[in-house]
Amino acid sequence: MTRVDVLVVGAGIIGLSSAFHVKRLCPSCRVLLVEKHPGPGHGDTGRSAAAFRAFFTSRTNMALAASSVAFYREVQEREGFDLGMRFTGYLFLLTEEQHQALAPVLEELRRRGLGYRVYSPEELEELLGLRTRPGGEEAELMQLPGIDVGVLAENAGIIRPERLVEYYSRRIGEMGVEALYNTRVEKILVEPEQPLGVPGEPLPWQKARVVGAATSRGEIRADVTIVAGGAETPFLLDPVGVDIHAKPKKRQVFVIRADRPELRRLLHAEGFNSLGLAPFILLPKGVYIRPAPEDNAFWVGASDHLGRPFSWEPDPQPEEHFYEYGIYPVLHNYLPAFENARPSSAWAGFYDISIDGQPVVLSEPGLVAAAGTSGSGIMKADAVGRIAASLALGKKRAALYGGEEVDASILGTRSRRVEEERLVI
């Protein structure tokens, strides 16, 4: 049996950030990270669309993302650790009604000093070759709306998740955090605070607490266990009666090579950033386009909600028909450069979708759980890790990067204080 101060379950980006900040706040604590995969970031972190933004309808989400992005920028620019951050921007293509509905978000961006720009339909047509008024039988059948305005969030862009994983894993190694890979957590251990040796303990009248985990390498006992298992978190917590209020939903990414002139021109579109790259583009109907200049390609995907089941599988596979009938019709109707474009490769992973599109970080005796990042785990990971670490160490406040302080229980389920999030992509 192993005994530690803090056990962290899961070496995705949330688990790595949590371990980093626990050790930063408590250098004398013995911290152990366990992960079922052969190394860190091998789960959904490595299967993400690898982008970041501080553009949300919830002020809470905006604060979490803005502070995390600022920390990553510090790592890249001041520490000299290349995270592959490129501030391409996020371009939201909207109807006028949608634009008006985002007025409070734009005001919050102004308040925080986070820039954005507005583009007219004519500018979008010239810069992107965008069809702002798609027509024809197919567009009519899909009820594709016209584009009245483009809003470019400037504090946004793309990142290499493997580099972010490498940064955190290297730093926690230097700080003395231990890691066990190829180690599966079989169950979370719950015991009474004062065991009596009675069958069935803990009984309803006993004070119980989490005391660690049973793993494929034996029991690991801990004063506090942080569960950060991404989409698998509910499967670890449900058996001990803790509801994380998040469920797994499959998401898919398809790679389109910029192998012809019109796609290359789009990839290197001018007028959006100093890099001479296309921004991350959000089309109607939930379809997105992410530039991948290092591969001379685009990554495309779509969020499907009603009709896509909450389910989990160990090795999710992309679905060809999802691109053919779900993404491509929207893609080529708005952007003719993608006419007849077919994926060269694809992958699939999971979002852990929360009850309101925002992370859940809750605590029970001996336990902290961090999940429900709803597809934006990378862009909020540093802030979520700071909050999880603060709870694990018994602190009532968590200091985000940049100095903003929040109540450590703000993302819990008992005293949750967050606003509606409508921009889950």
Side-chain angles (χ1 to χ4, degrees), residues 8 10-27 31 33 40-41 45 48-56 58-90 108-109 111-115 153-175 177 226 228 280 358-359 361 370 373-393 395 397-408 410-411:
V8 181
I13 196 61
I14 300 297
L16 290 168
S17 173
S18 298
F20 172 76
H21 288 297
V22 167
K23 194 66 174 176
R24 178 181 63 83
L25 293 170
C26 182
V31 182
L33 180 74
T45 294
S48 76
F52 63 89
R53 59 183 163 116
F55 191 94
F56 292 89
S58 158
R59 289 186 180 184
T60 302
N61 264 348
M62 193 179 291
L64 298 175
S67 70
S68 297
V69 170
F71 177 72
Y72 303 154
R73 191 168 199 162
E74 174 80 6
V75 167
Q76 180 158 293
E77 295 180 359
R78 300 288 178 84
E79 294 189 35
F81 194 100
D82 183 15
L83 300 177
M85 286 186 86
R86 299 194 187 195
F87 285 81
T88 61
Y90 262 54
E108 180 67 10
L109 284 176
R111 189 185 75 79
R112 290 180 172 272
L114 303 174
E154 295 178 309
N155 191 40
I158 57 177
I159 194 168
R160 290 174 58 190
E162 75 278 9
R163 293 293 290 164
L164 191 58
V165 165
E166 183 181 347
Y167 172 79
Y168 277 117
S169 59
R170 182 183 296 184
R171 291 287 284 115
I172 64 175
E174 293 168 349
M175 297 162 79
V177 173
I226 300 177
F280 190 112
Q358 299 175 82
V361 187
T373 51
S374 302
S376 52
I378 284 177
M379 64 189 80
K380 300 175 196 165
D382 188 71
V384 171
R386 288 170 189 261
I387 292 171
S390 296
L391 286 173
L393 297 173
K395 299 179 181 294
R397 305 284 293 175
L400 305 184
Y401 180 77
E404 182 174 357
E405 284 198 358
V406 297
D407 187 326
I410 190 174
L411 298 175

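Here, residue 1 is the first one in the sequence, and each next residue gets the next number.
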So which heavy atom on [X] is nearest to which on [Y], and how close?
X    : Y    : result
M379 : A51  : CE-O, 3.4 Å
G10  : L33  : O-CD1, 3.3 Å
G15  : V8   : O-CG1, 3.6 Å
A389 : L25  : CB-CD1, 4.2 Å
Y90  : G157 : CE1-O, 3.8 Å
L109 : A54  : CD2-O, 3.5 Å

Query - Derivation of the ring pair (Phe, Tyr, Trp, His ring centres under 6.0 Å) call for Y167 and F81 - result: CA-CA 7 Å; Y167 172 79; F81 194 100; 5.4 Å; yes

State, yes or no, whether a side-chain contact exists between [X] and [Y] at a heavy-atom distance under 4.5 Å.
X    : Y    : answer
S376 : F56  : yes
P359 : K380 : yes
L411 : T60  : yes

Could you grab the distance from atom [atom1] of [X] to atom [atom2] of [Y], nearest 0.5 Å is fine?
X    : Y    : atom1 : atom2 : result
L16  : L164 : CG    : CG    : 8.5 Å
S48  : I378 : OG    : CD1   : 3.5 Å
F71  : E79  : CZ    : CD    : 6.0 Å
R386 : K395 : CZ    : NZ    : 13.0 Å
K23  : E174 : NZ    : CD    : 13.0 Å
T373 : N61  : OG1   : CG    : 10.0 Å

Query raised in the report: Run the side chain to side chain contact (heavy atoms under 4.5 Å, CB included) check on R171 and R24 step by step: do they pass?
Result: CA-CA 10 Å; R171 291 287 284 115; R24 178 181 63 83; over 6 Å; no

Report task. Quick one: list whatever passes side chain to side chain contact (heavy atoms under 4.5 Å, CB included) with A381, sequence neighbours left out. Result -> I13, I14, Y72

Please check this pair: side chain of [X] against backbone of [Y], looking for a donor-acceptor N/O pair closer than 3.5 Å.
X    : Y    : result
R163 : D82  : yes
S68  : A383 : yes
Q76  : M85  : yes

Report task. For the pair L64 and I387, evaluate side chain to side chain contact (heavy atoms under 4.5 Å, CB included) and give the outcome as yes or no after the intermediate values. Result -> CA-CA 10 Å; L64 298 175; I387 292 171; 3.8 Å; yes

Query raised in the report: Do the charged groups of E108 and R112 touch, with an N to O distance under 4.0 Å?
Result: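 Here E108 pairs with R112 in a salt bridge, since their nearest N and O are under 4.0 Å apart.
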
Requested in this report: Would you verify whether the NZ or CZ of R73 falls within 45 degrees of the ring axis of F87 while also being under 6.0 Å from that six-membered ring's centre?
Outcome: yes

Report task. Could you check R53 against N155 for side chain to side chain contact (heavy atoms under 4.5 Å, CB included), going step by step and ending with a plain yes or no? Result -> CA-CA 6 Å; R53 59 183 163 116; N155 191 40; over 6 Å; no

Query raised in the report: Taking it one step at a time, do H21 and D382 satisfy side chain to side chain contact (heavy atoms under 4.5 Å, CB included)?
Result: CA-CA 9 Å; H21 288 297; D382 188 71; 2.7 Å; yes

